Amino acid sequence: MRTTARGLRSLRDARLPSSISTEAAALGPLPRTWDTRIAHPTPVHGAADMDEQKESLRKIVTTLALKNEEIQNFICCLKQSLQNLEANSVRVQEDLESEFSSLHAVLEELKDGMVTRIKQERASRTYELQNQLSACAKALESSEELLELANQTLCSSETDGFTQAAKDIKDSVTMAPAFRLSLKAKASDSMSHLMVDFTQEREMLRSIKFLPVPATPEIQPSECQVCDNSVLVAWSLPEPDSKIDHYDLEYRRTNHEGPPRAREDYPWMVVEGIRETEYTLTGLRFDTRYMTFRVKACNKAVAGEFSEPVTLETHAFVFKLDAASSHQNLKVEDMSVEWDSSGGKTAALQDIRKEKTRTSSPMHSPARTAVMSPKRAPSARVGRDRFTAESYTVLGDTMIDAGQHYWEVRFDKDSKTFAVGVALRSLGRFDQLGKTSTSWCVHLNNWLQQSLTAKHNNRARMLDCAVPDRIGVYCNYEEGTLCFYNARSKALMHTFRTKFQQPVIPAFMVRGSRMCVEREFFGADGTSGAQRRAVWTEEEQQHQQLQR
């Protein structure tokens with residue numbers, strides 16, 4: 001065990017008990033060698049120890065500084081929480097007073113209405129009874145006069161005129177009002193029908209409580225559907241809640257699979273006021289493979305916690321048009337191609353002449369030019385591989401060799417000639433889409449009479465359907481299925497069934513028109529993609545039955 005000189009000096013300078021001090025004095029001073037070793041340690045070891053201690057001290061200071069910063073931030077958060085608590089308490093108290101004031105106003109209004117009803121009922125009955133009372137009083141007065149007249153006639157001893165007087169009295173009594181009166185009150189004096197019983201209302205008022213915080217919804221991935229350019233998100237609550245007023249949905253793109261990370265490149269987009277437990281996002285253009293969703297429930301007063309974020313895969317098929325493969329008369333951008341009648345006529349003739357005089361050297365062999373990256377080959381058809389003559393074609397830059405893929409094509413209504421489909425990469429530079437065994441397409445001809453046909457291997461089949469302005473293309477490579485849809489109505493137009501021996505690539509033919517490819521996606525993991533595919537499969541079967 002090593003003891004430093006500072007520690008020994010502190011021990012030496014400390015006050016010792018008297019017995020020990022006496023013995024120390026008898027022994028005399030410490031040996032010079034011992035004292036020197038203690039007071040003057042070896043410089044090399046002392047410097048190393050000091051550096052280690054300084055480094056250790058720096059780490060401690062750094063850790064302490066970070067901890068102090070955390071505490072300061074936490075103090076700021078606590079102060080802010082206290083301020084928020086005060087403001088929120090004032091706000092909810094004001095809201096409570098406002099609600100009770102509104103309740104009092106409703107009760108006062110209800111009370112005033114009922115009091116008015118009682119007063120009207122009393123006035124109406126009072127009028128009826130008073131009229132009846134007045135009529136009875138008049139009839140009684142008339143009867144008393146007749147009685148007095150009859151008594152006087154009976155008491156008279158004169159015989160002359162008695163007969164006539166008796167007759168007159170009889171006639172007056174017969175016509176007396178007393179005999180025409182109803183002795184039943186026209187109005188009841190009971191007001192029990194206007195009594196109230198607020199027992200239930202009092203119980204209901206006593207049950208008034210603060211609104212509970214809504215439960216956290218849970219997104220159901222199996223119920224979500226990802227198709228075309230829309231996503232249907234569905235969720236549920238742990239138990240029914242009649243107090244829920246609406247839901248708020250948030251979503252954002254993400255570039256990774258799994259739960260969201262602390263720092264994301266994309267902000268949350270908000271959809272508020274959703275009344276149902278599902279919502280469909282439309283008009284989406286995904287440049288990434290994943291999108292994250294979360295939802296929260298809200299009542300009239302407060303919102304609950306957000307659900308656990310769920311990430312849905314979009315299966316986006318992202319590609320661009322390969323300008324290096326396009327015909328000289330086509331003006332190509334990343335996702336659009338436009339007919340240019342003045343472009344490249346001379347160049348096309350020159351290419352034809354060069355093709356006739358070109359030697360079949362190994363440098364220019366098809367096998368050599370076919371070398372490309374496994375998926376993307378943006379410049380695989382440069383030079384002599386450009387489409388020419390009447391093959392006004394341009395290809396995509398990404399091949400399909402597996403999976404399910406979907407994209408949509410939008411074109412002008414006044415297009416003269418247009419075709420969309422897929423082809424093998426070996427499609428010849430003079431070949432036209434649909435006229436070879438290496439290409440499949442839907443072809444629109446709008447020169448003299450509009451026609452829409454499905455073409456493959458130089459065979460055309462007329463399609464009995466309206467010409468849409470957007471065509472959806474679905475390719476299932478493993479199943480060998482190529483489907484064309486009306487992208488607006490999702491109606492099936494035609495289905496090719498084949499067995500792709502080689503990878504295929506999106507292909508387009510444009511003449512006298514303009515078209516734009518919109519990168520969409522099809523399907524989702526699990527049930528949703530299968531459900532969507534089942535719908536389309538049923539449409540295919542119905543379409544085939546109609547064709548038969």
Side-chain angles (χ1 to χ4, degrees), residues 89-212 214 239-246 273 275 298-302:
S89 299
V90 172
R91 179 179 59 82
V92 296
Q93 185 174 348
E94 290 176 351
D95 292 343
L96 181 64
E97 292 177 353
S98 175
E99 289 294 330
F100 271 93
S101 297
S102 300
L103 186 59
H104 292 158
V106 171
L107 291 175
E108 288 294 333
E109 182 180 357
L110 183 62
K111 176 184 175 182
D112 293 341
M114 289 184 170
V115 169
T116 301
R117 172 74 183 280
I118 292 174
K119 290 180 179 180
Q120 291 175 349
E121 189 78 11
R122 182 182 63 186
S124 175
R125 294 191 181 193
T126 300
Y127 179 77
E128 292 290 338
L129 292 175
Q130 285 180 347
N131 287 341
Q132 192 174 13
L133 179 62
S134 177
C136 288
K138 290 180 179 180
L140 181 60
E141 182 180 358
S142 176
S143 297
E144 289 178 349
E145 290 178 356
L146 286 175
L147 283 175
E148 184 178 356
L149 181 60
N151 290 330
Q152 290 176 359
T153 302
L154 289 173
C155 293
S156 176
S157 57
E158 295 180 0
T159 58
D160 296 337
F162 178 80
T163 304
Q164 185 62 36
K167 182 179 178 183
D168 293 338
I169 291 173
K170 289 180 181 179
D171 293 339
S172 298
V173 169
T174 304
M175 300 298 296
F179 293 99
R180 297 196 301 271
L181 285 176
S182 172
L183 299 182
K184 183 179 180 181
K186 292 184 177 181
S188 171
D189 58 353
S190 173
M191 297 290 285
S192 59
H193 66 289
L194 296 178
M195 297 296 292
V196 295
D197 181 10
F198 288 146
T199 302
Q200 294 183 355
E201 287 74 8
R202 280 194 295 270
E203 293 299 326
M204 187 170 59
L205 289 174
R206 290 191 183 100
S207 65
I208 292 178
K209 299 177 182 178
F210 292 107
L211 278 174
E239 57 185 20
D241 188 352
S242 61
K243 300 294 184 180
I244 297 298
D245 180 69
H246 65 275
R275 302 294 179 179
C298 307
N299 55 33
K300 294 290 186 181
V302 67

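Quick caveat, the model's predicted, so the values are computed rather than measured.
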Going by salt bridge (Lys or Arg N to Asp or Glu O under 4.0 Å), name the residues that satisfy it together with [X], two or more places apart in sequence or in a different chain.
X	result
E144	none
R202	none
E203	R206
K300	D245

Gap separating the [atom1] atom of [X] from the [atom2] atom of [Y], nearest 0.5 angstrom:
X	Y	atom1	atom2	result
E141	K138	CD	NZ	9.5 Å
E121	R117	CD	CZ	6.0 Å
L140	E145	CG	CD	10.5 Å
D95	Q93	CG	CD	10.0 Å

(Q) For a quick test of reading the model, state the closest non-hydrogen atom pair linking V302 to P212 and the distance between them. (A) CG1-O, 4.1 Å
Q.
I need the minimum non-hydrogen distance between D197 and T199, along with the two atoms involved.
A. OD1-OG1, 2.5 Å
Would you tabulate the side-chain donor-acceptor contacts of residues 184-195 under 3.5 Å, counting partners in other chains and residues two or more places apart, or write 'none'?
unit_1: S188; atom_1: OG; unit_2: S190; atom_2: N; d: 3.0
unit_1: S190; atom_1: OG; unit_2: S192; atom_2: N; d: 3.4
unit_1: S190; atom_1: OG; unit_2: S192; atom_2: OG; d: 3.2

Can you give the donor-acceptor pairs under 3.5 Å from side chains of residues 103-110 to other protein atoms, not counting sequence neighbours?
unit_1: H104; atom_1: ND1; unit_2: F100; atom_2: O; d: 3.3

Keeping [X] on the side-chain end and [Y] on the backbone end, is there a donor-acceptor pair under 3.5 Å?
X	Y	result
S143	A139	yes
S98	E94	no
S101	E97	yes

